[in-house]
**Student:** 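Got a structure for you, written out below as structure tokens; questions coming shortly.
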Amino acid sequence: QVQLVESGGGLVQAGGSLILSCGASGRTVTNYVLGWFRQAPGKEREFVAGISWSGGSTEYADSVKGRFTISRDNAKNTVYLQMNTLKPEDTAVYHCAADWGFRVAITARSYDYWGQGTQVTVSS
């Protein structure tokens, strides 16, 4: 079993930045694809970004390309999401997830483990 715990969410003004972290415990996630998803009220959970086990391959949703950066530190069993130039439409609960897979998947059903999420609120 893998337990994932997100941190770093909060309230920020439009144009600001936040860094989300997700620490894993229970077992190493070195060989897992790690991803970030978000869910706004009344909307389905959507893919934000994903990173391969080596960090050599990343995927981003079109809505965050050029603004968000995903990275990982396998020594710390942690994945990060640097969010810049935040917009009110980025407001959501952000979840990290782990996938015992080879390629970065963009569908939620591909991921095996999920964190509880951290709230990000961007004010206009």
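Position 1 is the first residue of the sequence, and the numbers go up from there.
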**Student:** Which heavy atom of Thr78 sits nearest to which heavy atom of Ser21, and what is that distance?
**Tutor:** CG2-CB, 4.4 Å
**Student:** Check this for me: does any side-chain nitrogen of one of Asp62 and Lys65 sit under 4.0 Å from a carboxylate oxygen of the other?
**Tutor:**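 Lys65 and Asp62: salt-bridged.
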**Student:** Mark yes or no for whether Arg72, through its side chain, and Ser52, through its backbone, hold a donor-acceptor pair below 3.5 Å.
**Tutor:**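 Yes, the answer is positive, given that a donor and an acceptor are paired below the 3.5 Å cut-off.
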**Student:** Calculate, to the nearest 0.5 Å, the distance between atoms CZ and CG belonging to Phe68 and Leu81 respectively.
**Tutor:**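 Going from the CZ atom of Phe68 to the CG atom of Leu81 covers 6.0 Å.
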**Student:** Going by atom types alone, do Arg27 and Tyr113 pair a side-chain donor with an acceptor below 3.5 Å?
**Tutor:**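 Distance-only check fails for Arg27 and Tyr113.
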**Student:** To the nearest 0.5 Å, what is the distance between OH on Tyr80 and CG on Leu34?
**Tutor:**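 Going from the OH atom of Tyr80 to the CG atom of Leu34 covers 11.5 Å.
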**Student:** Quick check: does any side chain N or O of Ser17 sit under 3.5 Å from a backbone N or O of Asn84, one acting as donor and the other as acceptor?
**Tutor:**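 No, the answer is negative, given that no donor and acceptor are paired below the 3.5 Å cut-off.
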**Student:** Does Pro88 offer a backbone N or O that forms a donor-acceptor pair with the side chain of Ser124 under 3.5 Å?
**Tutor:**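 No, Ser124 side chain to Pro88 backbone: no donor-acceptor pair under 3.5 Å.
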**Student:** For Arg45 and Arg38: C-alpha separation, side-chain torsions, deciding distance, then whether side-chain contact (heavy atoms from CB on, under 4.5 Å) applies.
**Tutor:** CA-CA 6 Å; Arg45 189 169 296 188; Arg38 65 187 182 187; over 6 Å; no
**Student:** Taking Asn77 for the side chain and Val29 for the main chain, is one N or O donor matched with an acceptor at less than 3.5 Å?
**Tutor:**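 Yes, because the side chain of Asn77 sits within donor-acceptor range (under 3.5 Å) of the backbone of Val29.
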**Student:** With sequence neighbours excluded, tell me which residues meet salt bridge (charged side-chain N to carboxylate O under 4.0 Å, His left out) with Lys43.
**Tutor:**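 Partners of Lys43 under the salt bridge (charged side-chain N to carboxylate O under 4.0 Å, His left out) test: none.
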**Student:** Honestly curious: do Val122 and Met83 fall in one hydrophobic cluster under the side-chain, below-4.5 Å linking rule?
**Tutor:**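 Cluster IDs for Val122 and Met83 match.
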**Student:** Consider only side-chain heavy atoms of I, L, V, M, F, W and Y, link residues closer than 4.5 Å, and tell whether Trp36 and Trp53 are in one cluster.
**Tutor:**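 No, Trp36 does not connect to Trp53 through the hydrophobic network.
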**Student:** List the steps, then state whether side-chain contact (heavy atoms from CB on, under 4.5 Å) holds for Gln119 with Thr91.
**Tutor:** CA-CA 8 Å; Gln119 176 70 48; Thr91 295; 4.0 Å; yes
**Student:** Please confirm whether the backbone N or O of Val2 pairs with a side-chain atom of Tyr32, one donor and one acceptor, at under 3.5 Å?
**Tutor:** no
**Student:** May I ask whether Ile106 and Val33 are part of the same hydrophobic cluster, defined by side-chain heavy atoms of I, L, V, M, F, W, Y residues being less than 4.5 angstrom apart, directly or through others?
**Tutor:**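 Yes, Ile106 and Val33 fall within the same hydrophobic cluster.
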**Student:** Are Phe37 and Trp114 close enough that their ring centers fall under 6.0 Å?
**Tutor:**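 Yes; Trp114 has its ring centre under 6.0 Å from that of Phe37.
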**Student:** Just by distance, no angles: are the side chains of Thr30 and Asn74 close enough, under 3.5 Å, to form a donor-acceptor pair?
**Tutor:**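 Absent: no donor and acceptor within the cut-off.
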**Student:** Arg67 vs Asp90, test: side-chain contact (heavy atoms from CB on, under 4.5 Å). Steps then yes/no.
**Tutor:** CA-CA 11 Å; Arg67 300 189 297 123; Asp90 294 318; 2.8 Å; yes
**Student:** With rounding to the nearest 0.5 Å, note down the distance linking CD in Gln1 to OG in Ser25.
**Tutor:** 10.5 Å
**Student:** Using every non-hydrogen atom in the two residues, find where Val12 and Gly16 come nearest and quote the distance to one decimal.
**Tutor:** CG2-CA, 3.9 Å
**Student:** Return yes if some donor-acceptor pair links the side-chain N/O of Glu6 with the main-chain N/O of Leu20 below 3.5 Å, else return no.
**Tutor:**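 Side chain of Glu6 to backbone of Leu20, a donor-acceptor pair under 3.5 Å: no, none is there.
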**Student:** How about Tyr94 and Gln39: do any of their side-chain heavy atoms sit closer than 4.5 Å?
**Tutor:**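 Tyr94 does not reach Gln39 side chain to side chain.
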**Student:** Donor-acceptor pair, distance only, cut-off 3.5 Å: does the side chain of Asp112 make one with the backbone of Trp100?
**Tutor:** yes
**Student:** Flag yes if more than 12 heavy atoms outside Glu89 fall under 6.0 Å of its CD atom; otherwise flag no.
**Tutor:**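 Counting other residues, nucleotides and ligands, CD of Glu89 exceeds 12 neighbours.
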**Student:** If you define the side chain from C-beta out and look only at heavy atoms, does anything of Leu86 sit under 4.5 Å from Leu18?
**Tutor:**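 Of all side-chain heavy-atom pairs linking Leu18 with Leu86, at least one is under 4.5 Å.
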**Student:** Under 4.5 Å between side-chain heavy atoms, counting indirect links through other Ile/Leu/Val/Met/Phe/Trp/Tyr residues: same cluster for Val120 and Leu4 or not?
**Tutor:**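 Looking at the clustering, Leu4 is in the same group as Val120.
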**Student:** Hey, is the main chain of Ile70 close enough, under 3.5 Å, to the side chain of Tyr60 for a donor-acceptor pair?
**Tutor:** yes
**Student:** Is there a side-chain contact (heavy atoms from CB on, under 4.5 Å) between Val79 and Ile51? Walk through the geometry before answering.
**Tutor:** CA-CA 9 Å; Val79 62; Ile51 188 167; 4.2 Å; yes
